[in-house]
Amino acid sequence: MAGSGGGEEEDASGTPSDDGGGEADKSGDLEEKVVIYSPHGSDILGDFKQRFEEEYGIKMEFLDMGSQEILDRIRSEKNNTQADVWWGAPQVNFDQAKDEGLLAEYKPSYADALDDMYYDEDWMWTGTSMTPEVIMYNNKEISEEEAPKDWDDLIDPKWQDELIIRYPLASGTMRTIYSAMIYRTYKDTEDTKEGYEWLEKLDNNTKEYSANPELMYNQLAKGVGSLTVWNMPDAVMLAEEKGYPFGYVLPASGTPVLTEGIAIVKDAPHLKAAEAFYEFVNTPEAAKLLAEKYYRIPTRDDVTDLPEWITEAEDDIKPMDIDWALFQEKSDEWMDHWDNQIKNAEKETGE
Amino acid sequence: MSTVHLSAITKQFGKVTAVEDLDLLIKEGEFFTFLGPSGCGKTTTLRMVAGFYYPTKGVVKFNDRVMTTVPPEKRNTGMVFQNYALFPHMTVFENVAFGLKVRKMSKEETKKRVEDVLRKVRLDQYAERQVSQLSGGQQQRVALARALVIEPDILLLDEPLSNLDARLRDEMRAEILRLQKEYKITTIYVTHDQVEALTMSDRIAVFNSGKCQQVGTPTEIYNEPVNDFVAEFIGETNLLGVSEAGLGENHRLYHVGALGSKVKVNNTSLNVAGYTENDELRLSVRPEAIEVSAQPVAGENVFPGKVKLVQFTGAAVHTYVEMNDRLTVVGTALNQGPSTYLKEGAEVYVRLPEDQIRIVPKAGV
Amino acid sequence: MSTVHLSAITKQFGKVTAVEDLDLLIKEGEFFTFLGPSGCGKTTTLRMVAGFYYPTKGVVKFNDRVMTTVPPEKRNTGMVFQNYALFPHMTVFENVAFGLKVRKMSKEETKKRVEDVLRKVRLDQYAERQVSQLSGGQQQRVALARALVIEPDILLLDEPLSNLDARLRDEMRAEILRLQKEYKITTIYVTHDQVEALTMSDRIAVFNSGKCQQVGTPTEIYNEPVNDFVAEFIGETNLLGVSEAGLGENHRLYHVGALGSKVKVNNTSLNVAGYTENDELRLSVRPEAIEVSAQPVAGENVFPGKVKLVQFTGAAVHTYVEMNDRLTVVGTALNQGPSTYLKEGAEVYVRLPEDQIRIVPKAGV
Amino acid sequence: MMLNAEKRRTLVLLIPVVLILTGYVLYPTLRTAYESFLHNGVPSFQNYEDFFGSKAKANLQALWNSVWISLLSVLFSALIGVPLAYIFNRYEFPGRRFFSNIAIMPIVLPSLVGVMAFMFLYGEAGLIPNAIKDLLNLSEVPFKIGGISGILIVHAYTMYPYFYMTTASALSNLDLSLEEAASNLGANRFKVFWQVTFPLLTPGFVAASLLVFMVSMASFSAPFLLAGGFRVLSLQIYFSKINGDLEMAATQSVILSIVSIAFLLFMRWYQGRKDYRMASKGIGAHRSEVNNPMLKWTMVTLGVFAVIILLLPHATLLILSLVPEGTWTWQTYPAVFNLENYKMLFDTPYIWEPVRNSLIMAVIACFGVFVFGIFTSYALVKRNFIGKNLLDILVMIPWALPATVIGMNLILAFNSPNPFSFGQILVGTFWILPLAYFIRFLPLVVRSTNAVLEQLDDSIEEAAQNLGAKWFYTFRKVVIPIIMPGVLSGTLLAFVQAVGEFPTSVLLYTIGNRPISIEIMNQLRMFNIGQAAAYGMIQVALIAVVMFISSRFLGVKAEKSLG
Ligand SMILES: Nc1ncnc2c1ncn2[C@@H]1O[C@H](COP(=O)(O)OP(=O)(O)OP(=O)(O)O)[C@@H](O)[C@H]1O
Ligand SMILES: Nc1ncnc2c1ncn2[C@@H]1O[C@H](COP(=O)(O)OP(=O)(O)OP(=O)(O)O)[C@@H](O)[C@H]1O
Ligand SMILES: [Mg+2]
Ligand SMILES: [Mg+2]
């Protein structure tokens with residue numbers, strides 16, 4: 001499947017690497033290997049490594065680590081660049097890297113298939129998948145009917161001590177959600193007051209801040225709390241794949257949608273190979289594979305036969321209109337305020 | 001203020017037997033001394049009394065209480081360790097005060113008594129020093145003071161004066177004795193200094209290789225040793241192998257192999273120790289009993305010889321006289337000035353007074 | 001095989017002056033002894049010779065080489081530490097072999113020499129023991145063996161026999177002397193045992209509070225002490241405060257305050273030490289020189305008294321005679337059996353032989 | 001001129017020590033300090049003004065929290081570690097050796113999974129509280145850990161081995177006749193311990209307190225996992241960094257180091273007041289005898305009990321590794337056990353690579369700290385020179401700083417060529433990690449070696465020199481064997497930690513030297529807690545094997561000196 005997919009993709013795009021039957025030919029003008037930094041985990045990476053190596057006959061090496069760490073590391077290796085491709089991180093990270101001049105421009109062959117929400121205006125990065133945020137609940141404790149339907153339901157006092165929240169400062173997902181909650185009113189009023197009040201109420205209902213997702217899942221599954229906010233693909237994956245008793249609700253008023261992307265690192269030592277890989281992971285076939293097997297919602301609008309959970313939800317997802325540039329500018333300040341003022345006032349110890 | 005009763009005590013370290021089948025009864029208020037060669041088990045015995053070792057076999061009693069396995073802190077003994085065992089993190093004062101503090105004595109009283117005892121061991125000026133800044137003898141005196149200050153029921157002193165000079169040792173001896181008599185503290189004393197042992201002790205036990213050879217008062221031990229080991233170990237002596245050679249009215253005759261002649265000995269229990277037929281016999285005569293003279297002397301047991309060496313030891317002068325190529329005897333005379341010393345090489349006459357000879361059996365191994 | 005020359009040595013620890021302005025020249029192959037009360041600076045001096053302390057002032061020379069700051073391992077001295085300083089992680093054999101191993105001696109040779117020296121200190125059976133499993137005296141002998149086996153140029157012995165019994169001590173003394181003479185090792189010896197000092201030494205230095213009082217041969221030190229400190233410190237003596245009272249032809253007269261009468265003393269340098277007008281004077285007479293007799297005796301300097309105490313010390317018997325309520329003197333006689341002891345309370349006559357009295361000045365502080 | 005030889009020797013000893021510390025500790029640290037005086041790239045005191053000004057509330061609170069949490073951690077670790085060490089080293093009873101080996105197992109627990117194992121064990125949904133609840137039919141769980149109590153418990157559990165090991169090695173050098181003297185003077189066991197043993201162990205305690213205080217000042221996993229909202233300085237640093245405010249992070253690091261160093265100086269002063277060299281005459285290492293059967297069996301029971309508690313987290317880890325994915329989510333107890341996680345793990349082709357990497361790098365680093373640590377410690381304890389305090393501070397800095405900061409320091413210092421990296425760029429190469437481990441764990445060896453060296457009587461060394469041994473020979477043949485227990489315990493600690501090291505590894509590893517901890521982290525990130533646990537078990541097993549071997553072969557030699 002990978003082999004035929006690769007062929008089609010090249011037909012459609014006419015990338016620099018020439019078409020041709022043999023693998024040897026494909027690897028012709030590529031460097032001997034490509035180095036990928038990615039937070040996608042060894043399952044996906046291993047899978048793609050095998051497929052890519054089969055297709056191009058060159059080695060793919062990967063470092064599997066968190067997106068924040070990738071940013072740190074690319075920054076620290078600036079003088080001695082090791083990585084070719086950075087695959088997978090929320091767009092804020094890419095924006096930051098772009099600001100620091102860590103990325104190289106590349107406009108992929110499938111540029112047309114992307115909504116302009118999903119790429120950088122300078123083609124420093126492009127989106128590969130999107131991640132809507134949802135309200136996730138323990139369906140052993142709460143029935144579908146009982147579950148909150150929208151963000152504002154979460155601050156209802158009846159959920160006192162029912163929320164388990166991933167500690168927001170350390171999590172891109174949570175930062176986005178928190179910032180979005182402020183931004184909802186801020187965009188009109190230019191004032192954070194209402195947003196802060198909202199967060200304060202949320203803090204009231206929060207029983208525990210979890211340091212990592214795994215702990216959050218555990219606490220939620222075992223009924224220590226029964227509600228959280230999290231991203232949709234993980235919620236689906238946890239329920240279907242890992243047997244967690246989780247259900248999710250797409251907030252009625254709309255939800256922030258994160259874009260995960262890919263970028264080529266500036267001064268990449270294996271540029272040609274990097275470009276090949278860049279293309280390779282976002283062919284429709286690859287996108288479909290990612291969706292089916294790894295619960296990623298593609299950004300390309302030309303992928304067909306997607307799994308049911310995506311097609312079903314597609315209509316319910318109402319992307320919140322977000323000014324990401326503003327987000328990036330303000331979110332540190334907002335989170336700082338939350339950390340110092342809001343959490344402080346109410347929950348000293350997190351106990 | 002206790003008796004100490006050791007019955008049938010044996011102590012083994014793995015395969016080494018340090019003390020074997022020891023029976024001792026030390027009386028209330030007695031000053032009892034252990035004497036014996038290095039490694040004979042003195043410290044080990046002391047440590048069993050203090051409670052740091054438990055006997056492999058046997059029972060330790062204080063008065064009538066069985067103490068065999070009572071922990072050390074409940075025995076109220078005061079010990080001076082052979083290696084001092086001073087607390088390095090404390091000053092001299094704190095070291096000495098330790099036992100009093102444990103006994104919850106008031107601050108002033110402690111201070112008073114510590115200062116008092118430090119004065120007695122001549123260390124009052126050193127009270128605030130760290131012990132690592134003291135000389136060897138000073139450290140030893142701290143150890144002594146520490147044991148004395150608590151006025152224990154039983155005082156265990158393991159060579160407590162070995163690093164002191166003669167004068168200080170005299171003073172300390174007097175001090176120990178004074179305290180011991182004043183509070184009637186039962187005292188067990190280990191020393192290698194015979195003068196110390198003989199002058200201080202009420203009774204002495206002589207050990208050899210983990211076994212007790214003789215128990216007795218100092219004069220008994222010195223004048224009436226039960227065997228050649230004790231005779232030789234306590235004080236100087238000349239030991240000659242002998243065999244019985246006849247019995248007179250008030251005397252016995254012994255044949256001395258090395259002299260090739262007979263020697264006459266008074267037939268009293270003072271001069272002849274108990275022995276059995278199978279024992280090898282020895283003649284013991286102390287150097288100070290031997291008369292060495294340049295002129296022929298009258299009396300029994302006079303033999304000619306030649307002065308080999310004259311040794312000056314302070315108060316006394318030892319004269320080594322070669323009797324023949326197999327035998328040299330030592331005579332001791334008081335030092336009456338260099339003019340009285342015999343010349344080396346001089347022909348002399350040696351008399352072994354018949355009333356000061358003692359016949360002893362050879363010690364079993 | 002070196003001379004040791006200490007010139008104008010002073011050693012201070014902070015405010016404490018342990019050794020003050022010391023000058024000593026120890027000759028090649030000499031057996032030199034330091035004597036002095038506890039804490040007088042003997043160990044400190046030894047350590048400066050070994051190189052563990054550097055003098056605050058002054059110079060240390062071996063032969064003509066200045067060694068003041070040469071590190072210890074380059075001095076080829078062998079030292080027995082007062083606290084032994086055995087290596088706790090090694091067996092007896094390894095401890096003794098250490099110095100040889102350092103000298104890169106072959107395995108067999110090492111083994112031979114270590115076994116040899118262990119035999120000499122009577123520890124051949126203990127070669128494989130851990131040192132912590134030895135008795136105090138055994139440990140001390142390991143320390144001795146360790147220093148002897150390397151046959152150093154200079155041997156430094158800090159109370160090396162203090163924990164040994166008299167017999168073993170005799171043997172060890174003989175062994176040390178034999179080695180010392182055989183290899184002509186310059187030896188500095190610290191001891192508190194005066195007999196040891198007097199019998200072994202070629203020369204002796206007497207210290208007090210960091211200062212050297214007298215250097216001389218044993219007989220000089222004993223018979224001709226320069227002041228009352230030396231007289232009193234070496235051997236027993238009776239010291240009486242006196243003042244000059246006249247000059248005869250061959251004798252001098254001194255007035256003894258405590259006796260309330262005059263005493264005649266031979267006017268020789270043996271009997272009268274050098275002194276100046278300002279010195280306080282003391283009369284020193286050794287107990288063994290004093291004649292105590294139940295019958296009135298003829299001669300000069302005879303005084304009546306009463307026996308207060310008779311003390312048995314083995315070879316000798318001390319008789320304490322009370323002359324009046326201010327003065328008690330001690331006389332020593334050889335032990336010739338209990339029948340010869342004087343009775344306590346008996347009236348006696350005491351003679352102080354005019355040729356055996358010594359007049360000395362009081363030591364400056 | 002007077003002290004020529006002595007001084008020369010000190011100098012020879014100091015030069016390499018100072019060079020290495022300057023190059024690999026001081027220089028990187030100064031880089032960070034320098035960073036803290038930049039504001040938006042311009043030199044200023046703005047960061048410090050912020051720290052004590054606009055951000056004071058959070059920062060000072062974090063500082064205060066860090067300090068008292070650390071002090072309590074020291075206290076609790078001591079309360080567990082010291083009695084255990086005492087019991088296991090002083091009394092002979094069946095199984096003593098086994099128990100004493102188990103006692104350091106907590107340190108084997110990989111930090112992140114370890115804390116998670118704790119939560120699975122004692123958290124609100126944990127096994128123990130729920131088991132008790134179900135057994136006794138309670139409506140609520142009887143207890144749970146979390147928040148501050150959780151941090152303290154985890155700290156005490158994971159850090160008491162520092163006390164345990166330093167105390168154990170110091171105990172082995174203690175002259176027993178001192179204790180005997182005390183009990184002879186009438187002090188009961190308790191008094192003997194408090195007034196004699198305890199003070200004499202001061203060098204050991206000082207070492208352990210320093211290690212624990214600093215490591216909990218810099219501790220990250222426990223406060224982060226157990227009390228997400230609780231403010232401590234190490235987390236503040238992390239968040240500052242995440243928020244992209246590197247300069248603030250540097251400022252906070254500097255403050256944290258200053259507090260840690262203040263503690264170091266305090267402890268040095270405390271220790272310096274007294275003398276701990278046991279200079280008594282001869283050798284008094286007679287072992288006390290215990291014959292009381294009551295006492296003996298109490299000990300055994302206590303031992304068994306302690307071992308069970310100590311091993312529960314490991315057991316939990318084992319359970320987690322045996323529970324297949326998806327079968328223990330909402331269920332209170334796991335029901336299915338099999339080897340699926342291990343199978344999946346072993347199916348990956350490169351499974352042994354991280355294990356091998358970790359081992360090699362830990363061995364390299366440990367060899368370095370072993371050799372270098374001994375010399376440094378010797379210089380610190382037995383030599384007098386100007387700037388000794390400074391050197392001591394320098395040695396401890398890598399321990400006083402949070403690991404992440406060390407990582408940052410190294411990145412800043414070595415991502416461009418400089419003399420200390422021999423003109424190479426070290427970042428991105430294999431050698432940067434062993435170097436990081438070396439720097440980080442040097443203080444462990446130095447501290448634990450210091451503790452035993454303090455107790456060593458100088459005359460032992462003098463005796464060797466007097467016998468003609470050169471300084472180095474003396475050092476090798478006399479000093480080292482005697483202090484071996486201390487050095488080994490330090491090195492072992494360093495090894496164990498190096499094998500599991502995460503915070504600096506994550507910043508510095510490359511494709512070629514990926515260590516185990518990174519692999520565990522990656523599994524966790526992919527929510528494969530089972531496989532992470534399985535990997536954790538591999539790590540535990542690995543370290544256990546190494547510890548076993550070392551106690552078998554090296555321990556024998558060290559124990560010989562105990563007599
Ligand atoms: N490190 C030190 N600091 C301070 N004072 C010291 C130190 N070492 C020794 N002293 C003092 O110096 C003096 C001389 O000590 P030294 O050890 O030389 O005595 P010593 O003659 O060997 O005595 P002893 O016969 O008791 O062993 C003593 O008063 C001692 O207290
Ligand atoms: N812990 C031990 N293990 C094995 N043997 C020991 C131990 N302690 C002592 N010994 C041995 O037991 C014997 C008696 O030792 P002890 O210490 O009682 O001798 P001592 O009479 O005090 O000798 P010294 O006068 O030399 O101090 C010695 O031969 C010694 O080597
Ligand atoms: Mg002994
Ligand atoms: Mg001394």
Side-chain angles (χ1 to χ4, degrees), chain B residues 13 16 18 35-44 82-83 122 133-138 140-141 158-159 162-169 192-195 198-199 218-219 222-223 232-236 270 286-289 311-316 332-338 353 355-356, chain C residues 13 16 18 35-44 82-83 122 133-138 140-141 158-159 162-169 192-195 198-199 218-219 222-223 232-236 270 286-289 311-316 332-338 353 355-356:
Chain B
F13 299 105
V16 181
L35 271 183
S38 172
C40 69
K42 305 180 294 294
T43 300
T44 306
Q82 197 168 10
N83 69 347
R122 309 272 176 278
Q133 298 178 345
L134 295 182
S135 77
Q138 289 163 341
Q140 194 167 39
R141 282 178 277 158
D158 201 350
E159 307 187 24
S162 62
N163 289 97
L164 305 184
D165 58 89
R167 230 175 30 165
L168 199 52
R169 205 180 301 185
H192 285 308
D193 183 329
Q194 303 194 357
V195 175
L198 293 170
T199 52
T219 41
Y222 191 83
N223 293 323
E232 198 179 10
F233 189 78
I234 310 294
E236 305 271 318
L270 205 72
R286 304 276 177 198
E288 70 269 19
Q311 196 180 43
F312 167 73
T313 69
T332 299
L334 290 181
N335 175 16
Q336 318 257 315
D355 58 338
Q356 295 194 43
Chain C
F13 299 105
V16 181
L35 270 184
S38 171
C40 69
K42 304 179 296 293
T43 300
T44 307
Q82 199 169 10
N83 68 350
R122 309 273 177 281
Q133 298 178 342
L134 296 181
S135 78
Q138 288 163 342
Q140 194 167 37
R141 281 177 279 159
D158 200 349
E159 306 188 25
S162 63
N163 290 96
L164 304 184
D165 59 89
R167 234 179 24 170
L168 199 51
R169 204 179 303 185
H192 284 309
D193 183 328
Q194 304 194 356
V195 176
L198 294 170
T199 53
T219 41
Y222 191 83
N223 293 323
E232 198 180 10
F233 189 77
I234 311 293
E236 304 271 317
L270 206 71
R286 303 275 178 198
E288 69 269 19
Q311 197 180 44
F312 166 74
T313 68
T332 297
L334 289 181
N335 175 16
Q336 317 257 313
D355 58 338
Q356 296 192 44

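Protein chains get the first letters and strands the later ones, always in sequence-line order, with residue 1 at the start of each. Note: hydrogens, waters and symmetry copies are ignored here, and every other heavy atom, side chains too, is used.
- Under a 4.0 Å N-O distance rule, the pair B/E232/C/R167 qualifies as a salt bridge.
- Contacts with chain C were tallied for B/L270, B/L164, B/L198; B/L164 has the most, counting heavy-atom pairs under 4.5 Å.
- Proximity to chain B is absent for every atom of C/T43, based on heavy atoms less than 4.5 angstrom apart.
- Contacts with chain B were tallied for C/G137, C/A18, C/P353; C/G137 has the most, counting heavy-atom pairs under 4.5 Å.
- Highest contact tally toward chain C, considering only B/D158, B/T44, B/N223, is held by B/N223 [criterion: heavy-atom pairs under 4.5 Å].
- Contact count versus chain B (heavy atoms, under 4.5 Å) is highest, among C/A289, C/P37, C/G235, for C/P37.
- The heavy-atom pair separating B/S162 from C/E159 by the smallest distance is O-OE1, 4.1 Å.
- Contacts of B/T332 classified as side chain to side chain contact (heavy atoms under 4.5 Å, CB included), with partners at least two apart in sequence or in another chain: B/P287, B/E288, B/A316, B/H318, C/L334.
- For the residue pair B/K42 and B/G36, the shortest heavy atom distance occurs at NZ-O, 3.1 Å.
- Proximity to chain C (any heavy atom under 4.5 Å) is shown, for B/Q138, by both the backbone and the side chain.
- Here B/R169 pairs with B/D193 in a salt bridge; the nearest charged N to carboxylate O distance falls below 4.0 Å.
- Of the atoms belonging to B/R122, not a single heavy atom falls under 4.5 Å from chain C.
- Both the backbone and the side chain of B/T199 come within contact range of chain C, judged by heavy atoms closer than 4.5 Å.
- Using a 4.5 Å cut-off on side-chain heavy atoms (C-beta onward), B/V16 and C/Q133 make no contact.
- Contact annotation for C/F13: neither backbone nor side-chain heavy atoms come within less than 4.5 Å of a heavy atom of chain B.
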When you look at C/I234 and C/L35, which way does the side-chain contact (heavy atoms from CB on, under 4.5 Å) test go after all the steps?
-> CA-CA 9 Å; C/I234 311 293; C/L35 270 184; 3.2 Å; yes
